[in-house]
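Only heavy atoms go into these numbers, but all of them, side chains included; no hydrogens, no water, no symmetry mates. Computed from a predicted model, the values in this text were never measured in an experiment.
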Amino acid sequence: MKLIYFNPEFLQKEAGNIRPDLPVSISQNESVLFMAMETESPIITKIETSDKKNIAVADIRLDNKKELIRQYNLEPDISDISLILDLYEKNDEIFTEKLLGDFAFVIWDQQKKKLFAARDHIGIRPLFYFDNENFTCLSSDLDLLLSVPGTSDQTDEVLAANWIFGNILPHPEKMLYKYIKKLIPAHTLTVNKDNLNIKPYFSWYEIEALNFQNDEEACTELRNLLLESVKCRISPTGKVGSHLSGGIDSSSVAVLLNRKLKEEERMVENFSWTPTPDDKKKKDESLRIEEICKSENISCHYTDITLEEWESSMQEDPRQHINSFPPETIILKKAQNLGVKQIFSGWGGDEGITFTGRSYFVELFRNKKFFTIIREIYLRKKVNGDKYLNTLYGSLLRFLPPLSWRNRPLYNTYTEFKEVINILSQFGLNSDYLKELVKNNKIEKPSYSESSTSHQTQIDLFLYGHISSRCESWAMKGLRHNINYVFPLLDKRILSFSLAIPSKYYFYNGWNRWLYRESMKNILPDEVRWGKVKTESERIDYHINLAKYSIEQAINKNNNEQFLFPEWINDNKAFFSDSWSNRNDKSVIYRVILEKFWQLSLIKNNTKS
């Protein structure tokens, strides 16, 4: 999806040059040009023009369409995008708060000469924008946006340096491009000839608490919500796929999806990031996957990755895919070959309804519920074998003074900063230059704390930017394979429910995620439903080895490259040393590895400045 709003002079000069490589449909008048990518994906809608000559283009899937049709007396067969236009013309900008679903859309108001855009509650559908004195350009796809003359793919050096030190990304608004931003989820954007204005239309702090007569009522409500969130996302046509990791998030989504489509005599293709398990060395994730497949009479595609495939994935432009994830790239190719048009994912559960109860013990302590703390620590040991002191420290003491001083962002940033500077300098990076660059250019990072309440921690996670970052990357990758991702656990109704329930349901009777586990009775096998921590050691060990070999290959192939930021490098020979592979400080070395790939990738991708 793309909209470009020009001043008349720029439009007259440049409009004829706008012909992106990807197939698009175009609508144009004296002030605005719309281009929509032509695709078979059901979520990408075409350009629509109303009787008032207002124009809209959208990526949209509405869950409350029937309710809106009844409320506003609209035609029963109205399209999603026509409905958006109709509501805008009846209610102006306030209609966005009435929408329920996944969407990013742009409307051109011909009479007011105003551009209006909005994005869904959590950022499932991407929306990027470029803005300067000549024009404003919006798109749900970065390649389309960057195909427009006058836009720039220049990298932001300050953001890049901050990213190396873990200070900024992912971010709900900022990107590694200097002149491109993301529209923040649950926000609108308005552009006229005088200014560009961004404001929120929804707040997670507005969610009202729910009270239940008993635990079973809460379980029933959650189960019904989950069933509906899966059902309403199923495409009526085309083959459907699903992630299946063996954890309760993706497993519950996969099981409910498989059961629903069996009623329609349709089959689901299930995919796991885990490599094909060795029968003699199976670990917890593959054993859980097999248990689910056995109980539901389904099969699963495992993901084996060659060194060449890993290298190719890691060479993706990190400005578009900040958290590149090679297994998903392989799954997309496999899914496309199987004819899959839609992939269900359990992404977002950990922050929402399958939240583990972080901050719950702090909340209990602040409310002086000391007996409940003692009870839950005792039961935790009984059901999970955790030592009393480990639970007490990990869930409470480290968030209280004086231990909490070590967990404050300022302390963490300072100590981690020194550690990274020290390691990077050993590998030939100009630590003095980078240190000054970061210190002199402070960038605000979204707040996150586990020292308040469970619900506040969840809201911090909703706003942090990592949820929308993965959704954006997968949406763009999926488009190239004609596949649409959907995330039932990011349904606004489920996220709102997760903030409305009593926080005790996240850590209850010694179990974290208690309500979700209890609600999955007769859906997930007990071995999965009440399983302990899913380590995914098979997948992680497999990928660490690939990363090691991959970086060594990259070093050998690219040791004469010129870097995008020459000031960053003091010693090329040290930078291309592979001695990092013998170190134990993996969290820092991981960033060094990414930095090496990052520089090499940006050299090749930074062509339009």
Side-chain angles (χ1 to χ4, degrees), residues 61-64 93-104 117-127 170-174 181-189 198-212 218 221-222 225-226 228-229 249 345-360 362-363 366-367 409 444-472 486-507 512-513 515-516:
R61 186 196 58 77
L62 289 177
D63 294 323
N64 63 336
E93 300 178 8
I94 63 170
F95 80 95
T96 50
E97 63 190 45
K98 302 178 183 295
L99 302 179
L100 179 65
D102 312 331
F103 57 83
R119 194 174 178 196
D120 64 59
H121 60 286
I122 201 71
I124 295 171
R125 305 310 302 170
L127 189 56
H171 192 278
E173 182 178 31
K174 298 180 185 297
K181 293 183 179 180
K182 302 182 283 186
L183 180 57
I184 305 171
H187 280 64
T188 63
L189 178 150
I198 296 173
K199 63 181 181 181
Y201 66 84
F202 167 77
S203 171
W204 293 109
Y205 291 100
E206 298 171 354
I207 304 300
E208 296 182 0
L210 290 173
N211 294 303
F212 303 99
E221 178 68 17
L222 173 55
L225 278 174
L226 184 58
E228 176 59 26
S229 71
D249 312 77
S345 170
W347 174 239
D350 288 343
E351 295 80 1
I353 197 57
T354 62
F355 185 62
T356 59
R358 283 172 279 174
S359 307
Y360 177 56
V362 177
E363 184 178 340
R366 295 185 187 281
N367 292 327
E444 183 179 354
K445 187 175 183 178
S447 63
Y448 173 75
S449 171
E450 295 182 17
S451 299
S452 181
T453 67
S454 291
H455 291 323
Q456 181 59 57
T457 300
Q458 287 180 283
I459 291 174
D460 287 347
L461 289 167
F462 291 174
L463 302 177
Y464 199 70
H466 67 290
I467 294 177
S468 57
S469 178
R470 177 176 288 188
C471 292
E472 291 152 3
V486 291
F487 307 92
L489 299 185
L490 289 177
D491 188 298
K492 187 178 180 181
R493 293 164 292 189
I494 289 183
L495 293 180
S496 298
F497 182 85
S498 75
L499 294 177
I501 61 177
S503 54
K504 71 172 186 177
Y505 283 139
Y506 292 118
F507 205 110
N512 60 19
R513 301 174 166 179
L515 182 66
Y516 199 86

Exercise for the section: Using a 4.5 Å cut-off on heavy atoms from C-beta on, say whether the side chain of Q456 contacts that of W204. Expected result: no
Problem - Residue of the set L226, L489, L499, L225 for which side-chain contact (heavy atoms from CB on, under 4.5 Å) holds with I353 - result: L489
Practice task
Report the distance from atom OG of S496 to atom CD1 of I207, rounding to the nearest 0.5 Å.
Solution key: 3.5 Å
Handout entry: From I494 atom CD1 to E228 atom CD, the distance as rounded to the nearest 0.5 Å
Key = 9.5 Å
Exercise for the section: Would you mind reporting whether D350 and D249 have side-chain heavy atoms less than 4.5 Å apart? Expected result: yes
Handout entry: T457 side chain to S359 side chain, donor-acceptor N/O pair below 3.5 angstrom
Key = yes
Practice task
Could you tell me whether the side chain of D102 and the main chain of V486 form a donor-acceptor pair under 3.5 Å?
Solution key: no
Exercise for the section: Give a yes or no on whether a salt bridge exists between D63 and K492, defined as a side-chain N under 4.0 angstrom from a carboxylate O. Expected result: no
Handout entry: Residue list, side chain to side chain contact (heavy atoms under 4.5 Å, CB included) with E206, at least two apart or on another chain
Key = F202, S203
Fill in the blank from the handout: One should read off an interatomic distance between I501 CD1 and Y516 OH, to the nearest 0.5 angstrom, of 12.0 Å
Practice task
Could you pull out all residues at least two apart from Y360 that satisfy ring pair (Phe, Tyr, Trp, His ring centres under 6.0 Å)?
Solution key: none
Handout entry: All side chain to side chain contact (heavy atoms under 4.5 Å, CB included) counterparts of P185, not counting sequence neighbours
Key = R119, S468
Problem - By ring pair (Phe, Tyr, Trp, His ring centres under 6.0 Å) - contacts of F507 (at least two apart) - result: F361
Exercise for the section: Determine yes or no for a side-chain-to-main-chain donor-acceptor pair under 3.5 angstrom, with S469 supplying the side chain and H466 the backbone. Expected result: no
Handout entry: For K182, the option from E173, E472, H171 that meets side chain to side chain donor-acceptor pair (under 3.5 Å)
Key = E472
Completion exercise
Hits for side chain to side chain contact (heavy atoms under 4.5 Å, CB included) against T356, two or more places apart or cross-chain, chain-then-number order -> R358, N512, R513
Exercise for the section: First locate atom CG of L222, then atom CZ of F212, and finally report the distance between them rounded to the nearest 0.5 Å. Expected result: 8.5 Å
Practice task
State, yes or no, whether a side-chain contact exists between I122 and F487 at a heavy-atom distance under 4.5 Å.
Solution key: no
Problem - Heavy-atom donor-acceptor pair, H121 side chain to L490 backbone, under 3.5 Å - result: yes
Exercise for the section: Report yes if the side chains of P172 and L463 come closer than 4.5 Å at any heavy-atom pair, otherwise no. Expected result: no
Handout entry: pair S454-F355: side-chain heavy atoms closer than 4.5 Å
Key = yes
Practice task
Check for a donor-acceptor pair, side chain of D491 on one end and backbone N or O of S229 on the other, with a separation under 3.5 Å.
Solution key: no
Fill in the blank from the handout: Output for pair (T188 OG1, Y201 OH), nearest 0.5 Å, gives 8.5 Å
Exercise for the section: Could you grab the distance from atom CG of L495 to atom CD1 of I459, nearest 0.5 Å is fine? Expected result: 11.0 Å
Problem - Partner residues of E93 under the side chain to side chain donor-acceptor pair (under 3.5 Å) criterion, sequence neighbours left out - result: K114, T190
Exercise for the section: Indicate whether any N or O donor in one side chain lies under 3.5 Å from an N or O acceptor in the other, for Q458 and Y506. Expected result: yes
